[in-house]
There are 2 protein chains.
Amino acid sequence: MTGTRWLDDLEMAAWTAYLTASHLLERRVEEQLKADAGLTHAQYEILARLSAAPDRRLRMTELAHGVVVSKSGLTYQIGQLEKMGLVERATCPSDDRGVLAVLTDRGTECLERTAPGHVTVVRELLIDLLTPDELETVIRVMNRVETAARAGTRTP
Amino acid sequence: MTGTRWLDDLEMAAWTAYLTASHLLERRVEEQLKADAGLTHAQYEILARLSAAPDRRLRMTELAHGVVVSKSGLTYQIGQLEKMGLVERATCPSDDRGVLAVLTDRGTECLERTAPGHVTVVRELLIDLLTPDELETVIRVMNRVETAARAGTRTP
DNA sequence: GTGGAGTTGTTCAAATTCGAACATATCGGG
DNA sequence: CCCGATATGTTCGAATTTGAACAACTCCAC
């Protein structure tokens, strides 16, 4: 190969701005959830996904794919949420290997109690900072990133 | 308070797309760096920041602020990089409490060796997916997020 | 100067994450 | 029907990260 296509000033600005902002945003969301609900962001995402799923349940693999976490990472977190009584494990009817993570009633309550504060932070630190056009751009761009980043890999 | 301003469909789409994409992107960058250079993304960011700093050195606090990591997290990582011979600690001339993290020659070499592969991934999964307009939007938006997320806090 | 308030960096324990190895179960071709 | 190739979840050990507690130092008002 001849040479690397380095990032020019604008491209570098975009990458560093993205990195810094995403780290900070993640940190703040984490802080808020821990303080107000004793939950990790990962745990909240799991509860939210389950809540939106048909019958409030999902296969482990599907859930891991959705929240973008490793299989072992999900096993661990489901274990934690089970201890808290927010999630239960059920055997999968159609596949004996499978395990279903099921949101309990307490899990639903916890989510309903926690969601307002969470949404507030997400608005303050991202959504309400965007014009409608920018919102569309974020959706478009991030979907492109997802597609590119998922190309040629599995669940992780 | 009366009620929560929930996220409408577009806003929700933006948030979930952002979350998914950022998790995946981080994962891929991490994979590439680990495989090609045995480095963590956090470690690479530290090397890059030091490389761009005057005299290739920065105060611990300043560095922690830049890469958005906790003080203790930085202490740990600088320890790791020191073991690898990529960074050294120096006492701060102007402040006896201070510690300077200094990029070594080996650190510079490591960075030069590693940067091309890293830039390639960053291009493939983000930069090259953006039109010039979108690039500008990302910079603008992410800087806004940074400002909002830093409002009223310290280094973390 | 001096004392108290604030900074700076490290140490410590706890929590989370990942990948690799593993046991179990499904599925398609012969 | 049966075997190898895949897929699914869990377990394990190692690495990383965080916040709180701590020790050392600076700085300002008095």
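Being a predicted model, the structure only gives us computed values, none of them experimental. Chain naming here is simple, since letters A, B, ... match the order of the sequence lines and numbering starts at 1 in each.
Proximity of B:T40 to the phosphate of D:dT16: a side-chain N or O atom is located under 4.0 Å from OP1 or OP2. Considering only side-chain N and O atoms, B:R89 lies under 4.0 angstrom from the phosphate OP1 or OP2 of C:dT10.
Between the side chains of B:H65 and B:R150, a donor-acceptor pair is found at a separation under 3.5 Å.
Residue B:G73 is in base contact, counting any heavy-atom pair closer than 4.0 Å across all strands shown. Heavy atoms of B:Q80 sit under 4.0 angstrom from primed sugar atoms or phosphate atoms, though from no base atom. As judged by a 4.0 angstrom heavy-atom cut-off over every strand, A:E26 is placed among residues making no nucleic acid contact.
Ring-plane geometry between A:H118 and A:H41 is classed as tilted, the angle between the planes lying from 30 to 60 degrees on a 0 to 90 degree scale. Between B:Y18 and A:Y18, the ring planes are perpendicular. Angles over 60° get that label, and only those under 30° would be called parallel.
Of all heavy-atom pairs spanning A:L100 and A:P93, the tightest one is CD1-CD, 4.0 Å. Shortest non-hydrogen contact noted between A:L125 and A:L129 is O-CD1, 3.5 Å.
For B:K71, whose side chain is taken as the heavy atoms from C-beta onward, the closest listed nucleotide among C:dT11, D:dA21, D:dG19 is D:dA21. For B:V69, counting side-chain heavy atoms from C-beta on, the closest listed nucleotide (D:dA21, D:dT18, C:dC18) is D:dT18.
Atom CG of B:L81 is separated from atom P of D:dA15 by 15 Å (rounded to the nearest Å). Taking atom CD of B:E31 as the reference point, atom P of C:dT17 lies 17 Å away to the nearest angstrom. We find that NE2 of B:H23 is positioned 15 Å from C1' of C:dC18, with the value rounded to whole Å. Atom-to-atom, CD of A:E62 to P of D:dG9 comes out at 10 Å; the value is rounded to the nearest Å. Between the CE atom of B:M60 and the C1' atom of C:dT11 there is a distance of 13 Å, rounded to whole Å. Rounded to whole Å, atom P of C:dT16 lies 11 Å from atom CD1 of A:I46. With rounding to whole Å, B:L74 atom CG is found 15 Å from C:dT11 atom C1'. Between the C1' atom of C:dT17 and the OH atom of B:Y76 lies a distance of 13 Å, rounded to the nearest Å.
No donor-acceptor distance shorter than 3.5 angstrom exists from the side chain of A:R97 to the backbone of A:D95, with no hydrogens or angles considered.
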So which protein nitrogen or oxygen atoms get under 3.5 Å of nucleotides 24-27 of chain C's nitrogens or oxygens?
| residue | atom | partner | partner atom | Å |
| --- | --- | --- | --- | --- |
| C:dT26 | OP1 | A:D96 | N | 3.1 |

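Heavy atoms of other residues, nucleotides or ligands lying less than 6.0 angstrom from CD of B:E88 number 12 at most.
In this structure, A:R140 pairs ionically with B:E134, as a charged nitrogen and a carboxylate oxygen lie closer than 4.0 Å.
Where B:R59 and A:Q77 each meet DNA chain C at their nearest nucleotide, the meeting point lying more 5' is that of B:R59. Nearer to the 5' terminus of DNA chain C, by closest-nucleotide assignment, is the contact made by B:L100 (compared with the other of A:K34 and B:L100).
At a cut-off of 3.5 angstrom, counting only N and O atoms as typed in the model, there is no donor on one side facing an acceptor on the other between the side-chain of A:S70 and the base of C:dG19.
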